[in-house]
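Step one of this worksheet: look at the structure below.
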Amino acid sequence: MTILGNSRHARRKPEANQMNENRTLRWAGLCGAAVLPPTIVILALNDFPYPDDTLPGQAYWDYMMPHYTAEVGGIIWIYTVASALLFTLLLARAYHLRAGHTTATGIAMSGCMIAFVSNTFMNCTAYMVPTMMARGLPSFGTEADLQLFTYSWNFTQLGNAVSTSLLAIVWGAIFIANRSHPILPRWLGHWGAGLAVVVNVISPVFVLLPTGPWSPSSLFHFLMQGGPTWGWITAAGIYLLLRKAPTAHAESNPTDHTQPHRIEKGSNG
């Protein structure tokens with residue numbers, strides 16, 4: 001009975017681990033796919049293209065004040081990066097389950113994404129400060145007050161651009177983890193993750209441009225950095241939702257020995 005009980009326990013353990021991994025990846029897929037809808041909403045609500053960096057304050061006033069653009073955009077962006085954080089933590093958990101132990105890549109993925117999201121929350125707060133003051137103070141609107149919009153805008157955009165260096169570490173960790181314990185296909189786990197690393201390494205360099213569409217987080221800079229990054233999360237989320245979840249039996253026993261073998265006729269048959 002003891003031998004039989006241990007055998008059953010040994011079979012249940014990989015099955016339970018596989019079920020846990022499949023469940024984790026499905027939740028990761030939901031969080032990854034959830035990044036796309038709020039991004040579309042932000043682009044639909046905002047005037048496009050949005051202003052470049054280091055412009056007179058009136059340009060940002062005209063952009064941020066109507067229809068509560070700053071407040072709505074800031075809140076939606078917070079939920080967007082929160083979804084990305086949950087996606088990354090769950091993906092790191094799946095690599096942990098696949099490896100069977102805590103890994104350096106999992107710690108790097110989780111820690112750097114937490115740091116990036118924390119910085120984003122601070123940036124969103126700074127982004128909404130001028131509009132709160134403008135709506136709450138009747139006397140607000142002098143030339144000096146309008147400069148606050150420029151300071152706030154530049155602080156937010158610079159913060160976003162510099163913090164993308166953390167995302168380079170996140171996707172570098174995904175690249176390494178997926179080579180050791182493949183969960184994502186090569187076009188996502190290798191080529192896609194590699195592209196995300198490159199654009200997020202390059203992104204902070206654009207702080208050298210004080211204004212124009214390539215200045216930090218302006219139109220061309222956002223498309224260069226945000227397209228591959230947030231597009232990757234969306235694509236990975238959809239892939240994880242649509243993938244056929246493997247079973248522990250299929251992975252540990254590629255040949256199904258429960259099915260009768262066909263006897264081939266030989267020369268003596």
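Residue numbers count from 1 along this sequence. Atom set for the values below is all heavy atoms of this structure, side chains included, hydrogens, waters and symmetry mates excluded.
- W187 and Y239 have perpendicular rings, their planes meeting at more than 60° on a 0 to 90° scale where under 30° would count as parallel.
- Side-chain atoms of N200 and W171 form no donor-acceptor pair, as typed in the model, at a separation below 3.5 Å.
- When each of V35, V199, L184 is checked for a side-chain contact (heavy atoms from CB on, under 4.5 Å) with W232, only L184 meets the rule.
- Taking the side chain as every heavy atom from C-beta outward, M113 and L166 never approach each other to under 4.5 Å.
- Looking only at side-chain heavy atoms (C-beta outward), Y127 and F155 stay at 4.5 Å or farther from each other.
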N/O donor to acceptor pairs below 3.5 angstrom from side-chain atoms of residues 84-95, sequence neighbours left out:
from	atom 1	to	atom 2	distance (Å)
T88	OG1	A84	O	2.9
Y95	OH	N178	OD1	2.7

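- Taking the side chain as every heavy atom from C-beta outward, N20 and R23 approach each other to under 4.5 Å.
- Side-chain contact of S83 with T80: a donor-acceptor pair under 3.5 Å is absent, judged by distance alone.
- Defined by atom type and a distance below 3.5 Å, a donor-acceptor pair is present between the side-chain atoms of Q58 and D62.
- Using a 4.5 Å cut-off on side-chain heavy atoms (C-beta onward), R243 and N22 make contact.
- Under the 3.5 Å distance criterion, the side-chain polar atoms of H221 are matched with a main-chain donor or acceptor of S217.
- T131 and E71 are linked by a side-chain donor-acceptor pair at a separation below 3.5 angstrom, with hydrogens and angles left out of the test.
- Side-chain contact annotation: T103 with H96, donor-acceptor N/O pair under 3.5 Å absent.
- Side chains of N123 and Q157 form no contact here, defined as non-hydrogen atoms less than 4.5 Å apart.
- With contacts defined as side-chain heavy-atom distances shorter than 4.5 Å, the pair P38/Y79 does not qualify.
- Among all heavy-atom pairs drawn from Y50 and L219, the shortest one is CE1-N, 4.2 Å.
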Discussion item. Go through it in stages, so that I can follow the logic: the residues are D145 and T142, the test is side chain to side chain donor-acceptor pair (under 3.5 Å), and I'd like the CA-CA distance, side-chain angles, deciding distance and then a yes or no.
Written reply: CA-CA 5 Å; D145 292 335; T142 65; 3.0 Å; yes
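- In this structure the side chain of W153 reaches within 4.5 angstrom of the side chain of Y63, judged on heavy atoms.
- Taken from OG in S215 to CG in L208, the straight-line distance is 11.5 Å, to the nearest 0.5 Å.
- Looking only at side-chain heavy atoms (C-beta outward), F206 and Q225 stay at 4.5 Å or farther from each other.
- Looking only at atom types and distance, the side chain of T54 has no donor-acceptor partner in the side chain of T211 under 3.5 Å away.
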